[in-house]
Q: 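Structure incoming, see below.
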4 protein chains.
Amino acid sequence: MPVKLLFVGDIVGAPGREALSRELHRLVDRHCVDLVIANGENAAGGFGLTEDTARELYSLGVDVLTSGNHIWDKKEALPYIKREEWLVRPANYPSGTAGKGSVVARTAGGIKVGILNLEGRVFMNNLECPFRTADREIELLKEQTDVIFVDFHAEATSEKVALGWYLDGRVSAVVGTHTHVQTADERILAGGTAYLSDAGMTGSFDSVIGIKKELAIEKFVTLMPTRFEVARKDLRLNGVVIEIDEASGKSLGIERISLSCS
Amino acid sequence: MPVKLLFVGDIVGAPGREALSRELHRLVDRHCVDLVIANGENAAGGFGLTEDTARELYSLGVDVLTSGNHIWDKKEALPYIKREEWLVRPANYPSGTAGKGSVVARTAGGIKVGILNLEGRVFMNNLECPFRTADREIELLKEQTDVIFVDFHAEATSEKVALGWYLDGRVSAVVGTHTHVQTADERILAGGTAYLSDAGMTGSFDSVIGIKKELAIEKFVTLMPTRFEVARKDLRLNGVVIEIDEASGKSLGIERISLSCS
Amino acid sequence: MPVKLLFVGDIVGAPGREALSRELHRLVDRHCVDLVIANGENAAGGFGLTEDTARELYSLGVDVLTSGNHIWDKKEALPYIKREEWLVRPANYPSGTAGKGSVVARTAGGIKVGILNLEGRVFMNNLECPFRTADREIELLKEQTDVIFVDFHAEATSEKVALGWYLDGRVSAVVGTHTHVQTADERILAGGTAYLSDAGMTGSFDSVIGIKKELAIEKFVTLMPTRFEVARKDLRLNGVVIEIDEASGKSLGIERISLSCS
Amino acid sequence: MPVKLLFVGDIVGAPGREALSRELHRLVDRHCVDLVIANGENAAGGFGLTEDTARELYSLGVDVLTSGNHIWDKKEALPYIKREEWLVRPANYPSGTAGKGSVVARTAGGIKVGILNLEGRVFMNNLECPFRTADREIELLKEQTDVIFVDFHAEATSEKVALGWYLDGRVSAVVGTHTHVQTADERILAGGTAYLSDAGMTGSFDSVIGIKKELAIEKFVTLMPTRFEVARKDLRLNGVVIEIDEASGKSLGIERISLSCS
Ligand SMILES: [Fe+2]
Ligand SMILES: [Fe+2]
Ligand SMILES: [Fe+2]
Ligand SMILES: [Fe+2]
Ligand SMILES: [Fe+2]
Ligand SMILES: [Fe+2]
Ligand SMILES: [Fe+2]
Ligand SMILES: [Fe+2]
């Protein structure tokens with residue numbers, strides 16, 4: 001029997017949570033989604049995640065939250081990141097980092113789904129190698145399930161596409177996040193791994209990747225430090241639905257989601 | 001009367017030129033294209049452009065070539081870059097740089113189309129400000145035509161989206177290149193400017209953004225200097241068709257193109 | 001008659017101001033200094049400059065303050081940066097930036113000294129070309145004086161040394177700042193320009209370039225966002241004394257200063 | 001009895017080898033040096049190392065070669081890097097990398113000296129954490145000797161100074177390389193570790209860090225790809241002599257060396 005995962009791209013601030021509250025249930029119904037995964041690194045005011053915003057996301061129907069470089073932005077959330085069972089941060093942070101890099105969730109039908117979060121290094125942080133970390137983490141997850149979803153939070157397309165091919169045939173899906181712009185390159189790779197370079201963003205699209213556009217432009221033109229604020233208009237939900245064969249862990253289909261919430 | 005432009009994303013090596021030769025005429029016919037613009041920065045062996053490869057592209061039906069950071073890779077092509085009328089390089093290279101940043105072409109029907117090339121600075125070269133350079137160049141192009149196409153060759157989505165909004169209402173289209181992955185965010189902005197963060201790539205898709213995937217993976221895993229080679233299989237053409245109102249310069253439509261050539 | 005300039009390297013926080021207050025007068029006397037220039041980009045709590053800290057530095061005997069990338073850290077200081085006569089920020093920020101990039105001061109003996117501040121681009125901000133900006137600014141300063149001091153606030157030694165040679169014979173001195181570590185490469189270049197890659201730092205040396213060392217190490221080991229605090233012990237003053245021939249603007253001598261204040 | 005180590009900063013091309021041949025013996029005699037360590041990452045034509053250039057350096061009196069990011073530039077040297085006993089490359093390259101990161105040498109008097117090479121990550125490659133790698137390597141070296149010299153090949157002063165403090169009391173010396181400009185911050189830290197942020201460069205100083213200055217300037221001003229050539233005039237040798245107490249592994253003295261060879 002196939003499993004259907006919905007993955008929601010970076011939820012940016014209150015407008016992102018609003019978009020989710022308006023569209024998630026309908027999406028889940030329409031696509032018969034078994035498990036909802038969402039990237040929450042920008043859910044709290046555009047930068048980081050707090051216990052309150054995470055709880056709001058779970059109450060809206062998210063089963064597992066992934067994250068990325070911004071997950072550390074709210075220092076007060078560190079104890080929560082440590083103890084929250086259904087939240088992962090990139091697995092390739094150094095040993096000793098709060099939180100965990102992967103988790104195994106279970107659908108209502110009892111199917112186990114491994115969720116692995118990784119962060120790219122090109123133009124980003126000096127983390128451990130995402131390719132080698134993936135090898136290690138996948139070996140562990142495989143002891144429990146062959147249905148494995150990877151959120152690769154990265155900037156450079158070269159690194160994202162390379163990781164897709166590297167994991168092809170070993171995981172069910174590799175989906176990128178971080179750029180906040182959905183890419184149009186969804187496909188099922190030769191070995192059965194569903195791939196999409198970036199799932200996009202959930203929040204205001206009358207913006208520069210979620211931020212008020214006047215502020216973003218000002219920053220580029222003046223180079224002065226600029227306090228960013230989350231934009232509020234033109235709400236959309238970006239994500240991807242992936243259908244996976246439970247027995248083999250291979251993907252059967254991948255469909256991009258881009259919904260206007262107005 | 002509307003003008004129709006076809007813009008083809010970064011053509012990578014001989015496989016990219018092959019993809020173009022197989023599909024371009026059909027595309028031009030199907031969409032009633034008036035002018036073909038293509039990014040040629042990787043047309044020669046994946047790195048740079050030579051006089052021979054440029055001539056091949058023109059003979060296949062390209063009217064104007066844009067480029068980007070890789071345009072300087074073949075040193076022997078410098079005199080050609082200087083004198084070729086229908087080739088532009090990013091306008092925000094320092095004064096004294098070979099070549100020019102914009103050109104005005106004419107469709108068969110006699111409509112003037114300004115083509116402006118810019119390069120981003122985030123994670124890239126220390127060029128002049130693309131926002132300010134755009135202001136200056138557009139003012140000059142406007143003396144000749146309101147139909148203006150901008151190829152913004154950049155890495156960061158924030159910089160690309162910001163430039164789109166910055167030029168909204170002043171140019172007909174802002175289309176990104178450089179990441180070699182097509183984005184799914186095509187739209188017509190509030191002021192009438194067609195926008196797409198990245199047009200994608202033309203060449204082998206059994207690859208990491210055009211390069212043999214084994215080599216790209218090896219580079220990421222070992223960090224050793226690796227000689228890249230262009231990949232050869234699964235040819236596709238990526239691009240975008242934009243329909244522009246000649247009188248106002250506003251865009252009427254934008255459609256992504258992603259064609260398999262096999 | 002020779003002019004003697006004392007340039008003090010980046011003053012970091014209250015400990016840096018304390019070091020200055022303990023040593024500056026003695027230094028000025030011992031070296032018969034005619035004009036005191038100091039980099040103040042970190043004078044206020046380690047990040048930026050405020051009106052109060054600037055006034056304290058002037059009252060301690062500083063004649064002209066230069067700065068760098070951190071000058072914008074205290075947003076409330078922007079109006080002050082705009083109006084303060086004896087403060088310069090790097091000249092190669094985009095046009096429209098608050099403040100000015102150069103100034104002409106006068107020694108007690110009436111000799112005019114041009115002070116030019118530039119910022120590097122390698123591993124730093126996307127500013128205008130420091131080489132070309134220097135050409136333009138120096139031409140203007142030369143209308144008033146041939147005695148010209150350049151503070152090149154930059155990271156990469158290649159860019160610093162290259163600018164030194166580029167300006168050799170056209171200015172009296174090129175001294176680097178920003179790394180907070182004094183270099184040992186002082187010399188007078190072939191054309192008469194005194195050169196030093198970095199003047200070093202003034203403040204606590206029981207630190208990682210002015211910051212509490214435990215915090216800096218924690219940041220490198222954990223990669224977590226870390227709130228930096230200025231360190232307080234082992235105060236030292238770093239700088240350089242340059243002797244210039246007033247008539248020709250050529251340098252006669254350059255001597256590094258590294259004083260323990262305890 | 002104290003051990004005396006001479007460490008020679010990055011030897012750049014044939015002029016660097018020439019400087020070494022003119023001055024090394026005299027230096028060794030004058031300072032009663034027991035072991036000569038030199039950074040050879042630029043010894044072959046300015047970029048990388050070959051078997052021939054390494055042998056020349058050993059024949060001139062170098063006992064152990066350290067290296068850095070440029071060690072991989074000459075692909076033909078890979079088998080040599082793998083098998084040469086007295087050559088180390090940064091220990092924090094990924095597992096599987098050719099060569100080794102540390103070695104134990106023996107002075108004529110039979111004292112064992114551990115040599116560890118590390119590379120920084122700030123503005124450099126995405127390597128493993130140099131701090132954690134140091135912990136692991138030092139533990140192994142300590143089984144053989146307490147006299148340990150660390151060449152930290154890094155760009156950012158913050159990372160270099162932080163590693164110095166991090167290893168203080170655990171190794172005899174931490175000396176930086178890579179910037180090719182000698183710093184003036186030599187000292188013995190609180191725990192007995194000798195420290196210098198950068199040992200500087202050995203080769204032509206009528207240059208931009210070893211490269212012909214006209215070419216380096218051209219590159220900065222034009223941003224065009226420029227083929228660099230090693231400069232030939234004004235030869236100097238940069239390095240540092242460190243005196244270490246054999247029993248404790250603590251340093252007794254550190255003296256910078258900067259010799260003109262003309
Ligand atoms: Fe994000
Ligand atoms: Fe992110
Ligand atoms: Fe390209
Ligand atoms: Fe490019
Ligand atoms: Fe500073
Ligand atoms: Fe700075
Ligand atoms: Fe080097
Ligand atoms: Fe290096």
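When reading the values below, keep in mind they use all heavy atoms of this one structure, side chains included, and skip hydrogens, waters and symmetry mates. Per chain, numbering begins at 1; letters A, B, ... match sequence-line order.
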Q: Tabulate, with distances rounded to 0.1 Å, every donor-acceptor pair spanning chain C and chain D at under 3.5 Å.
A:
unit_1	atom_1	unit_2	atom_2	d
D/R132	NH2	C/V221	O	2.9
D/T157	OG1	C/T179	O	2.7
D/W165	NE1	C/S207	O	2.9
D/T179	O	C/T157	OG1	2.7
D/Q182	O	C/A184	N	2.7
D/A184	N	C/Q182	O	2.7
D/R187	NH1	C/F205	O	3.1
D/R187	NH2	C/F205	O	2.9
D/F205	O	C/R187	NH1	3.1
D/F205	O	C/R187	NH2	2.9
D/S207	O	C/W165	NE1	3.0
D/V221	O	C/R132	NH2	2.9

Q: Relative to chain D, which segment of C/L163 carries a heavy atom at a distance below 4.5 Å: side chain, backbone, both, or neither?
A: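 No part of it gets close to chain D.
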Q: Can you list everything that forms a ring-ring contact (aromatic ring centres under 6.0 Å, His included) with C/F7? Sequence neighbours excluded, please.
A: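 In terms of ring-ring contact (aromatic ring centres under 6.0 Å, His included), with neighbours along the sequence ignored, C/F7 is linked to C/F149.
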Q: Using a 4.5 angstrom heavy-atom cutoff, name the option from C/I209, C/V122, C/L223 with the most pairs to chain D.
A: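 Looking at each of C/I209, C/V122, C/L223 in turn, C/I209 comes out on top.
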Q: Can you sort out the partners of D/F228 under ring-ring contact (aromatic ring centres under 6.0 Å, His included), two or more places apart, ordered by chain and number?
A: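 None.
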Q: Using a cut-off of under 4.5 Å on heavy-atom pairs, state which of D/V208, D/V161, D/L189 scores highest against chain C.
A: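 Max contact count across the listed options: D/V208.
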Q: Please collect all ring-ring contact (aromatic ring centres under 6.0 Å, His included) contacts where either partner lies in residues 203-225 of chain C, sequence neighbours excluded, each pair once.
A: C/F220-D/F131
